[in-house]
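Below is one structure; the comments refer to it alone.
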Amino acid sequence: MAATTGTIKIGISACLLGRPVRFNGGHKASQLCMEVLSQHFEFIALCPEQAIGLGTPRPPIRLVGDPQSPRAKGTVNRELDVSEALSAYGQQAAAKLHDICGYILMQKSPSCGMERVKVYQDDGHPAEGGGRGLFAAALMRERPDLPVEEDGRLNDPVLRENFITRIFVYAEWRRLLQAGLTRSALMAFHARYKYQLMATSRVHYQLLGRAVAQSADTPLQQFAPWYFSQLMTALKQPASRGSHSNVLQHISGYLKHVLSSSERQELQHLIEQYRLGIVPLVVPLTLIKHHFRRHPDAYIEQQAYLQPHPEKLGLRNAL
């Protein structure tokens, strides 16, 4: 089952919660964040541009120069340069918000944009590919394992489900650390996320499986951060219909001796229909859960893959 959500905190660009903090005094209220995700998470809202002393309303800033290391300068007052201030605030936020388990950023923003933010060149045209907002860049540099997404990308059901899944993984890991991580707890955590890992990265599934099995001689304080970083890197890769289907086949293997021939055929038919894009993931998963309620299996029961986030979110209805 998914972890309890009551105390999970997520950082968010304040304008996405309808706060009038943008340069023009407006906001970019996100219905998803305000009406759906707010029921499951506690939002910690920040506006980097306000935080560094820029007023509201204010002349806008934009990124200029090298897309790999742009500067944030005023569009009206070209002498205004808030590059260091935004980067420093990103570092401060990363340290201060030590208890957040994710961050939702405002897209295209010179402070908060995660990718493809316009970076203007001397000729007045934006560079191909764009860059990253300076607050966002500093935050992600300081907290590389933290799940981070932009509001616009969350409109994609695959990216949305992937992001929310990573938040719950991150939150569960934090609880393990707070309780005092042991080697047995790490191994149980890895076993719980075995199929989630298989669905996203077969390479990391094999790599981390071997690493955990051979970790006895490596100090836990050295192994654990490496392991979690590798896990979060793997989980950034969204699962495909093919990889989900593979996991469903693996899990259904635990039922082969308890289901009738017709029940097995029905389950295989639904897995194939999902693989072909005819039905969403929730359809074969619902049948699998039904069979395991009738025929419990202790190992499968602990697998986060079956319900990595609250069912009420309905995230797998659109996959």
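Quick note: residue numbers are just sequence positions, from 1. If you're wondering where the values come from, they're calculated on a predicted model, not measured in any experiment.
A donor-acceptor contact shorter than 3.5 Å links the side chain of Ser243 to the backbone of Ser240. Judged by distance alone, the side chain of Arg143 and the main-chain N or O of Leu97 form a donor-acceptor pair under 3.5 Å. A donor-acceptor pair under 3.5 Å is absent between the side-chain atoms of Gln214 and the main chain of Ala211, judged by distance alone. No donor-acceptor pair closer than 3.5 Å links the side chain of Ser229 to the backbone N or O of Pro225. A donor-acceptor contact shorter than 3.5 Å is absent between the side chain of Arg160 and the backbone of Leu315. Side-chain atoms of Asn155 come within 3.5 Å of backbone atoms of Gly152 as a donor-acceptor pair (strictly under, hydrogens ignored). Formation of a donor-acceptor pair under 3.5 Å by the Arg153 side chain with backbone atoms of Glu150 is not found in this model. A donor-acceptor pair is defined here as one N or O able to donate and one able to accept, closer than 3.5 Å; such a pair exists between the side chain of Gln303 and the backbone of Ala191. Although no hydrogens or angles enter the test, the distance criterion places no donor-acceptor pair under 3.5 Å between the side chain of Ser30 and the main chain of Leu16. Here the side chain of Arg275 pairs no donor or acceptor atom with the backbone of Leu270 at under 3.5 angstrom.
Interatomic distance, CG of Leu181 versus CG of Leu176, reported as 6.0 Å (0.5 Å rounding). To the nearest 0.5 angstrom, Tyr103 atom OH is 6.5 Å from Leu139 atom CG. Atom CD of Gln91 is separated from atom NZ of Lys96 by 15.5 Å, given to the nearest 0.5 angstrom. A distance of 7.0 Å separates CD1 in Ile61 from OG in Ser109, rounded to the nearest 0.5 Å. Annotation: the span from Ile271 atom CD1 to Glu266 atom CD amounts to 11.0 Å, rounded to 0.5 Å. Here Met232 contributes atom CE and Tyr170 contributes atom OH; the two are 7.5 Å apart, rounded to the nearest 0.5 Å.
No continuous path of ILVMFWY side-chain contacts below 4.5 Å connects Val119 to Val64, so the two sit in separate hydrophobic clusters. A chain of hydrophobic side-chain contacts below 4.5 Å, direct or via other Ile, Leu, Val, Met, Phe, Trp or Tyr residues, connects Val158 to Leu248. Placement of Val203 and Tyr193 in two distinct hydrophobic clusters is found when ILVMFWY residues are connected by side-chain heavy-atom separations under 4.5 Å, directly or transitively. Two different hydrophobic clusters hold Leu159 and Ile167 under the rule that ILVMFWY side chains link at heavy-atom gaps under 4.5 Å. Cluster annotation: Leu154 is not connected to Ile44 through the hydrophobic network of ILVMFWY side chains, with a link wherever side-chain heavy atoms come within less than 4.5 Å.
Counting heavy atoms from C-beta on, the side chains of Ile8 and Glu42 never come closer than 4.5 Å. Between Met140 and Met114 the shortest side-chain heavy-atom distance falls below 4.5 Å. Looking only at side-chain heavy atoms (C-beta outward), Glu311 and Arg316 stay at 4.5 Å or farther from each other. The shortest side-chain heavy-atom distance between Leu37 and Ile164 falls under the 4.5 Å cut-off. The closest side-chain heavy-atom distance from Arg202 to Leu197 is not below 4.5 Å. With a 4.5 Å cut-off on side-chain heavy atoms, Pro110 and Glu49 count as touching. Side chains of Lys108 and Arg116 form no contact here, defined as non-hydrogen atoms less than 4.5 Å apart. Contact annotation: the side chain of Met106 never approaches that of Ser111 to less than 4.5 Å [non-hydrogen atoms, C-beta and beyond].
Between Arg132 and Glu115 there is no salt bridge, since no side-chain nitrogen of the basic residue lies less than 4.0 Å from a carboxylate oxygen of the acidic one. Salt-bridge annotation for Arg192 and Glu172: present, with a side-chain N of the basic residue lying under 4.0 Å from a carboxylate O of the acidic one.
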> After noting the C-alpha distance and the side-chain angles of Ser252 and Lys256, does the key distance pass the side chain to side chain contact (heavy atoms under 4.5 Å, CB included) rule?
Replying inline: CA-CA 7 Å; Ser252 66; Lys256 63 183 178 181; over 6 Å; no
>> Test ring-ring contact (aromatic ring centres under 6.0 Å, His included) on Tyr205 and His190; report intermediate values, then the result.
In response: CA-CA 10 Å; Tyr205 167 77; His190 178 71; 7.7 Å; no
> Could you go step by step and tell me if Leu235 and Val169 meet the side chain to side chain contact (heavy atoms under 4.5 Å, CB included) rule?
Replying inline: CA-CA 9 Å; Leu235 295 181; Val169 176; 3.8 Å; yes
>> Using the rule given for side chain to side chain donor-acceptor pair (under 3.5 Å), can you reason through Thr165 versus Glu161, listing the C-alpha separation, both sets of side-chain angles and the distance that settles it, and then say yes or no?
In response: CA-CA 6 Å; Thr165 296; Glu161 196 270 346; 3.2 Å; yes
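Between Cys33 and Ile12, the closest heavy-atom pair is SG-CD1, 3.8 Å. Counting all heavy atoms, side chain and backbone alike, Pro20 lies closest to Thr56 at O-CG2, 3.5 Å. Of all heavy-atom pairs between Leu46 and Ala93, the closest is CD1-CB, 4.0 Å. When all heavy atoms of His125 and Asp123 are compared, the closest pair comes out as N-OD1, 2.9 Å. The two residues Ser13 and Cys112 come nearest to each other via the heavy atoms OG-SG, 3.5 Å. Closest approach of Ile52 to Ala85, counting heavy atoms only: CG2-O, 3.6 Å.
Side-chain N/O atoms of Gln237 and His204 include no donor and acceptor closer than 3.5 Å. When only modelled atom types and interatomic distance are considered, Gln249 and Ser245 share no side-chain donor-acceptor pair under 3.5 Å. Counting only N and O atoms by type, the side chains of Ser215 and Thr218 include no donor and acceptor under 3.5 Å apart.
Environment of CG in Asp217: sparse, with no more than 12 heavy atoms of neighbouring residues, nucleotides or ligands closer than 6.0 Å. By the 6.0 Å contact criterion, CG on Asn24 is enclosed, its count of non-hydrogen atoms from other residues, nucleotides or ligands being greater than 12. Summarising the local packing, CD of Gln68 is surrounded by 12 or fewer heavy atoms from other residues, nucleotides or ligands at distances under 6.0 Å. Atom NZ of Lys194 has more than 12 heavy atoms from other residues, nucleotides or ligands within 6.0 Å. For Gln178, the CD atom counts as densely surrounded, since its 6.0 Å shell holds more than 12 non-hydrogen atoms of other residues, nucleotides or ligands.
Aromatic ring pairs are classed by plane angle as parallel below 30°, tilted from 30° to 60° and perpendicular above 60°; the pair Tyr254 and Tyr195 is perpendicular. Aromatic ring pairs are classed by plane angle as parallel below 30°, tilted from 30° to 60° and perpendicular above 60°; the pair Phe228 and Trp173 is parallel.
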Throw together a table of side-chain donor-acceptor distances under 3.5 angstrom for residues 282-292, partners on residues two or more places apart or in other chains.
from   : atom 1 : to     : atom 2 : distance (Å)
Thr286 : OG1    : Val282 : O      : 2.6
Lys289 : NZ     : Leu306 : O      : 3.0
Lys289 : NZ     : Gln307 : OE1    : 2.6
His291 : ND1    : Arg294 : NH1    : 3.3

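Remark: Arg22 engages no residue in a salt bridge (Lys or Arg N to Asp or Glu O under 4.0 Å) (not counting sequence neighbours).
If you run side-chain contact (heavy atoms from CB on, under 4.5 Å) between Cys101 and each of Arg174, Lys9, Arg166, only Arg174 comes through.
Pairs engaging residues 59-76 under the salt bridge (charged side-chain N to carboxylate O under 4.0 Å, His left out) rule: Arg71-Asp81, Arg71-Glu84 [sequence neighbours left out].
Ring pair Phe41/Phe168: centre-to-centre distance below 6.0 Å.
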